Amino acid sequence: MRITGAQALVRSLEAEGVEVLFGYPGGVALPIFDALYESTTVRTVLPRHEQGAVHMADGYARVTGKPGVVLVTSGPGATNTVTGIANAYMDSIPMVVFTAQVATTVIGTDAFQESDITGITIPITKHNYLVKDVAELPEVIKEAFHIATTGRPGPVLIDVPVDVSRAELTFKYPETVNLSGYKPTVKGHAKQIKQAAGMIAKARKPLLYAGGGVLASGAWKELKELCELMQLPVVATLMGKGAFPEDHHLSLGMPGMHGPKYVNYAITETDLLIAVGVRFDDRVTGKLSSFASKSRIIHIDIDPAEIGKNKAVDVPVVGDAKGVLAELVVELRKMNAEPRTDAWMRVIDDWRSRYPLHYHPHDEVVMPQYVVERVRELTKDRPTVIVTEVGQNQMWACQYARIKEPRTWASSGGLGTMGFGLPAAIGAQFGRPGHLVIDIAGDGSIQMNSQEMATAAIEKQPVKVVLLNNGFLGMVRQWQELFYERRYSSSVLPPCPDFVKLAEAYGWLGLRVTDPKEVDAALNAAFDHDGPALIDFRVAPEECVFPMVAPGGSIDEMLGGIPGGPVSEMLDDELLEEVWE
């Protein structure tokens, strides 16, 4: 039986087990949307903007581990996806984006709503395709899902001209993929794993540095087993948050620009840094030459291009984190290795008690950190996903939220995309329908995609927005305060719109809080509401995110927070003598 390319595309999605597709129609995409109308297994969600569609697919992928799927039309529909695709690419999120295209006969003629989307997205996709023969479509889709979800995950784009979606073929979906030039290294080199195990067994001040690659590989159980076996303290990046339970004594928090002082002190003093699924990005390392400068480094990553790219390492292990960590545990057990970190943990605990995250509570002004703390406490006994916008709200969320389960945190890391949070929260709610999904937002970032409030209302997705409204582009304002003599150029946001009225206009519950004593009641009311809700918390307008590493500075030299200078001045000599014995 022969079917159209559009029908073949939909059947391919069904064969891949796709449950939800985020799509926005347009002229040349109509054959595909018409075919979707017949599908009983693929739910099509209509966002209000194509960028919103991609962020929804991104949020869905982060909380499920499944690839997000997007379908848009040509021209502006396709180009509106670029920011979302770049965001997914920077954070290694699996995604397949279908863009409809003008007919093959007019490609290159500047036809109406034509754009060279494959050319545009070459730098921000793992791979992309322009399908010119309908017979190739099923194989291309099979390859795309394979590429997006294997090795280092990422977005793949498929451009489908309208005449291809209308043409007919005899459909058969491939069972296997054979890409001769694409063979990700999954199994780590045995000699290097053995060498790494030996270094871990001997280290007195080890530190495990976990990133998003741990979550991408599903390696959280193996990570926990290794850390508990050898009593390794753990720092997790913004992307790695949730890879190790943050209520565990060995969990220290986020390293880098806005990490707690004790975390950055630990990195500065460690003698062995075990980096797993990280890329040593600048917001973590600060001044590279002083980052972990006293340490030998083991780097485990499935992408060989990341090893040695930013920081020279002593033992490189290319492979999937899940398998490599499991093999490390086996090697350490063979060696009868035992933890040697008691004194080191006492040093860290001493720093942790002296230099905790800190802010000044206020009886009359709502402090943003307090709001996040109350979110944490009020949700500790219920399944919850925390999503963030980008800016100060994001950093406060990372500092004060405690993520105990993997894939229950979603935040834009590498690209830092304002407008990510709300649509990503909607996508996360589709992926985790039984969870409370909360977007911790700022008044600047949420306005980048606030139109998606309509999507949540119409699709009956009960997301909750905790809006930390300070009347500024907060992080921009903070930098202007610290480095530009408080010259607030284009960072002041007048009180427009009225977010409560905006929420109500979209059919949401809207609440406003100006008194700290009302925080809990408002949060409980929003969390218990059976639909979407937004709370406009009017928070301290010029509160800064501290501690902070100045641009180009070493991570042990931080501004703000409880006073404490470079790590060399913060050492407890008696405790360190035990470490060095």
Side-chain angles (χ1 to χ4, degrees), residues 3-13 15-16 18 21-36 50-51 53-54 57 67-86 88-89 94-150 154-169 171-174 177-182:
I3 60 175
T4 67
Q7 291 170 321
L9 189 156
V10 174
R11 289 197 186 181
S12 299
L13 297 179
E16 287 290 339
V18 173
L21 173 148
F22 303 94
Y24 204 102
V28 295
L30 288 180
I32 304 172
F33 276 92
D34 186 65
L36 280 166
E50 290 90 352
Q51 182 182 345
V54 185
V69 180
V70 176
L71 170 62
V72 299
T73 196
S74 63
T79 57
N80 279 346
T81 67
V82 169
T83 298
I85 294 171
Y89 182 75
M95 185 182 297
V96 178
V97 178
F98 293 91
T99 54
Q101 183 57 278
V102 300
T104 56
T105 54
V106 295
I107 288 176
T109 68
D110 294 330
F112 177 67
Q113 291 195 330
E114 178 190 359
S115 65
D116 178 13
I117 194 62
T118 52
I120 291 168
T121 59
I122 284 172
I124 57 169
T125 54
K126 275 191 78 174
H127 192 57
N128 64 26
Y129 299 85
L130 171 59
V131 182
K132 294 184 177 180
D133 182 349
V134 69
E136 298 174 356
L137 187 58
E139 184 177 357
V140 164
I141 294 172
K142 182 72 174 180
E143 289 179 3
F145 276 90
H146 177 72
I147 293 169
T149 57
T150 55
V156 178
L157 183 140
I158 304 175
D159 203 23
V160 186
V162 65
D163 52 333
V164 171
S165 64
R166 287 174 176 154
E168 292 188 347
L169 74 161
F171 177 75
K172 182 181 180 182
Y173 198 61
V177 173
N178 184 21
L179 293 168
S180 58
Y182 178 71

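This one's a predicted model, so the numbers in the text were calculated from it and none came from an experiment. Count residues from 1 along the sequence.
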Nearest-0.5 Å distance, OG1 of residue T99 to CD1 of residue I32: 9.0 Å

Any side-chain heavy-atom pair of I117 and V82 under 4.5 Å: yes

Validation row: V18, V96 side chains within 4.5 angstrom (heavy atoms): no

Any donor-acceptor N/O pair, Q101 side chain to S115 backbone, under 3.5 Å: yes

CD1-CG distance between I120 and D159, expressed to the nearest 0.5 angstrom: 9.5 Å

Considering all heavy atoms, the nearest V134-L169 contact: O-CD1, 3.5 Å

Test item: E50 side-chain N/O and A78 main-chain N/O as donor-acceptor pair under 3.5 Å: no

Exercise: identify the closest heavy-atom pair between K172 and P138: O-CB, 3.9 Å

Between OG1 on residue T104 and CG on residue L130, distance to nearest 0.5 Å: 8.5 Å

More than 12 heavy atoms from other groups under 6.0 Å of CZ on F145: yes

Y129-E143 side chain donor-acceptor pair, cut-off 3.5 Å: yes

Trace of the side chain to side chain contact (heavy atoms under 4.5 Å, CB included) decision for V28 with Q113: CA-CA 9 Å; V28 295; Q113 291 195 330; over 6 Å; no

Side chain proximity check, V72 to N80, heavy atoms < 4.5 angstrom: no

Any side-chain heavy-atom pair of L71 and F33 under 4.5 Å: yes

Gap between atom OG of S74 and atom CZ of F112 - 0.5 Å precision: 8.0 Å

More than 12 heavy atoms from other groups under 6.0 Å of CD on E139: no

Step-by-step side chain to side chain contact (heavy atoms under 4.5 Å, CB included) determination, Y173 to I141: CA-CA 9 Å; Y173 198 61; I141 294 172; 3.7 Å; yes

Candidate list T79, T83, I85, test side-chain contact (heavy atoms from CB on, under 4.5 Å), partner T81, passing option: I85

Heavy-atom closest pair, residues S12 and F171: OG-CE1, 3.5 Å

Parallel, tilted or perpendicular: ring planes of Y182 versus H146, cut at 30 and 60 degrees: perpendicular

Distance-minimising heavy-atom pair for I158 and A144: CD1-CB, 3.6 Å

Point-to-point distance, once rounded to the nearest 0.5 Å, from CD of E168 to CD of Q7: 8.0 Å

Partners meeting side-chain hydrogen bond (donor to acceptor under 3.5 Å, both in side chains) with D116 (sequence neighbours left out): T118

Spatial distance of atom CG (L157) from atom CZ (F98) [nearest 0.5 Å]: 9.5 Å

V54 versus G84, closest heavy-atom pair with distance: CG1-C, 3.4 Å

Over all atoms of both residues, closest heavy-atom pair of P31 and V162: CG-CG2, 4.0 Å

